[in-house]
Amino acid sequence: MLIHNATVITFDDSNSILPDGGVYLRGDEIVAVGESRTLLDSYPDAERWDAQGKLLMPGMICAHTHFYGAFARGMYIPGEPAKDFPEILQKLWWPLDRSLDLGGVQSSAEVCLVDAIRNGTTTLIDHHASQNAIDGSLDAIAEAVEASGLRSALCYEVTDRDGPAAAQAGIRENIRFAAALRGSPLAERVAATFGLHASMTLSDETLEACRAESDRFHVHAAEHQADAWDSLSRSGKRTVERLHSFGITGAESILAHCIHIDAWEMALLKESGTYVSHQPRSNMNNAVGAANVPAMLRGEMPVCLGNDGFSNDMFAEMKVTDHLHKVNSGDPRTLGADKVVEMAVHNNRRLADAFFEKPVGILASGAFADLILLDYYPTTPLHSDNLPWHILFGISGGHVHSTICHGQTLMRDRELLTLDEAVIAARSRERAQETWERFWQ
């Protein structure tokens, strides 16, 4: 298929823009990117898609999300509100994940995947927990991902908070799922990493057992001061230092949040090449603080952007990233659109390279054909130098017109083609009600 007559945004290292460009796809791969006329002459027999001047760019990537959190939407918990993040975990998130069954796990994923397609997010790195439905939970999510046509990296959150049997089950689920993907055709779109909850709910013995099974991990780190305090009391080391001492850091590992870390912990993350994922909307909602992202980027650390289970409109997450750090510093010069795009586009793309055999998040020959069309018609000049500011102050997920992943069209002209949104929503309401009933038992 040849998509032509588009404003092509490649998201290569120079943010190249082709004002009348196109992309030729064959199967799951991009074959050529160039001027429309050149491609039309080169591939005269290709199926044609006239973009009518729309923006054409790579699909967005989310570096850290929680599909299972979908059933928290609309939940009302009576009584005194949680006063801090540990209470939020104890009153909401841990009881919710214990209330999920495998049907709820799958429905939670489905509604998030619908949202991702609609907002042009084609690759999602998920971090899952369902403490009373551990065995097979990653299969349930993978089934939903496969049906959607999207791309995802999955893991199960190992934790000691529900006892040794549940911790061992979480370890087994990560091992089993990774083994099942080896040699599977699904591995082109679904990858595995090894999930850990956080230092504060992991014993030395469990960390050792996990490190014996994997060399790449996805873990929350220092989201609240409680994680740092717990680590110091256990080991005399701060959170990142403790995780690093067990080999949890590394060039294919993700540490989400990293809000309450110091300069020495930043140095460990930089030296080990560990990816840090930033989730500003969640951090603001939980009142846990703002990570020192400007300092990390100044130190050339690979800081990425996730959403922690908020909507999969990564354009919204980018906007909040910029605004949070400006208000946090009291300085309007802080961060800036170019640095936000560096995180959300370029660093997220490099992170995704750890999981998939071809590049994603870039329009280039040999990359996976993950693309989105947006009906954003700029009212001021658009070029490579000012593209980040158009993204932050002009573009939103609502502009996404069509979504393609792995060469398959998942949404065209805002019509979903792989998922039945009405059926998924109805099924989700039923399963959410069942989950809520277990929550209150």
Exercise: identify the closest heavy-atom pair between Val158 and Ile171: CG2-N, 3.6 Å
Salt-bridge criterion met for Arg427 and Asp420 (N-O under 4.0 Å): no
Verdict with reasoning, Asn119 to Met60, per side chain to side chain contact (heavy atoms under 4.5 Å, CB included): CA-CA 9 Å; Asn119 286 288; Met60 293 289 103; over 6 Å; no
Nearest atoms (heavy-atom pairs only) where His325 meets Ala291: CE1-O, 3.0 Å
Carboxylate-amine/guanidinium contact Arg176 Asp135, below 4.0 Å: no
His64 and His66 aromatic centres sub-6.0 Å: yes
Reference residue Ile3; test side-chain contact (heavy atoms from CB on, under 4.5 Å); the match among Ile404, Asp50, Val8: Ile404
Minimum heavy-atom distance between Gly195 and Asn174, given as atom pair plus value: N-OD1, 3.5 Å
Side chain to side chain contact (heavy atoms under 4.5 Å, CB included) between Tyr68 and Ile141, intermediate numbers included: CA-CA 9 Å; Tyr68 81 86; Ile141 299 171; over 6 Å; no
Ion pair check, Asp13 and Arg350, cut-off under 4.0 Å: yes
Side chain proximity check, Leu124 to Arg151, heavy atoms < 4.5 angstrom: no
Salt-bridge criterion met for Asp97 and Arg161 (N-O under 4.0 Å): yes
Backbone of Ala226 reached by a side-chain donor or acceptor of Asp230 within 3.5 Å: no
Listed pairs under 3.5 Å, donor-acceptor, residues 352-368 side chains, sequence neighbours left out:
from   : atom 1 : to    : atom 2 : distance (Å)
Lys358 : NZ     : Asp28 : OD1    : 3.1
Lys358 : NZ     : Glu29 : OE1    : 2.8
Ser365 : OG     : Val31 : O      : 3.1

Minimum heavy-atom distance Leu196-Phe217, with the two atoms named: CD1-CD2, 3.8 Å
Any donor-acceptor N/O pair, Arg414 side chain to Gly398 backbone, under 3.5 Å: yes
Minimum heavy-atom distance between Leu269 and Cys258, given as atom pair plus value: CD1-SG, 4.1 Å
Donor on one side chain, acceptor on other, Asp313 and Ser311, under 3.5 Å: no
Where Ile261 and Ala222 come nearest, the two heavy atoms and their spacing: CG2-CB, 3.7 Å
Min side-chain heavy-atom separation Ser402-Trp49 under 4.5 Å: yes
Main-chain N/O of Ser148 paired to Thr418 side chain as donor or acceptor, under 3.5 Å: yes
Inter- and intrachain pairs under side chain to side chain donor-acceptor pair (under 3.5 Å), touching residues 187-196, at least two apart: Glu188-His406
Modelled atom types, side-chain donor and acceptor of Ser199 and Arg242, under 3.5 Å: yes
Donor-acceptor under 3.5 Å (Glu223 side chain, Ala256 main chain): no
Donor on one side chain, acceptor on other, Gln441 and Glu437, under 3.5 Å: no
N/O donor-acceptor pair under 3.5 Å between Ser137 side chain and Ile134 backbone: yes
Donor-acceptor pair, side chain of Ser231 and main chain of Asp227, under 3.5 angstrom: no
Check against side chain to side chain donor-acceptor pair (under 3.5 Å), Asn312 and Thr121: CA-CA 6 Å; Asn312 287 301; Thr121 301; 5.4 Å; no
Ring center gap for His197 and Trp94 short of 6.0 angstrom: yes
Test side chain to side chain contact (heavy atoms under 4.5 Å, CB included) applied to Phe246 and Cys210, step by step: CA-CA 9 Å; Phe246 283 96; Cys210 293; over 6 Å; no
Criterion ring pair (Phe, Tyr, Trp, His ring centres under 6.0 Å) against His218, the qualifying member of His127, His257, His128: His127
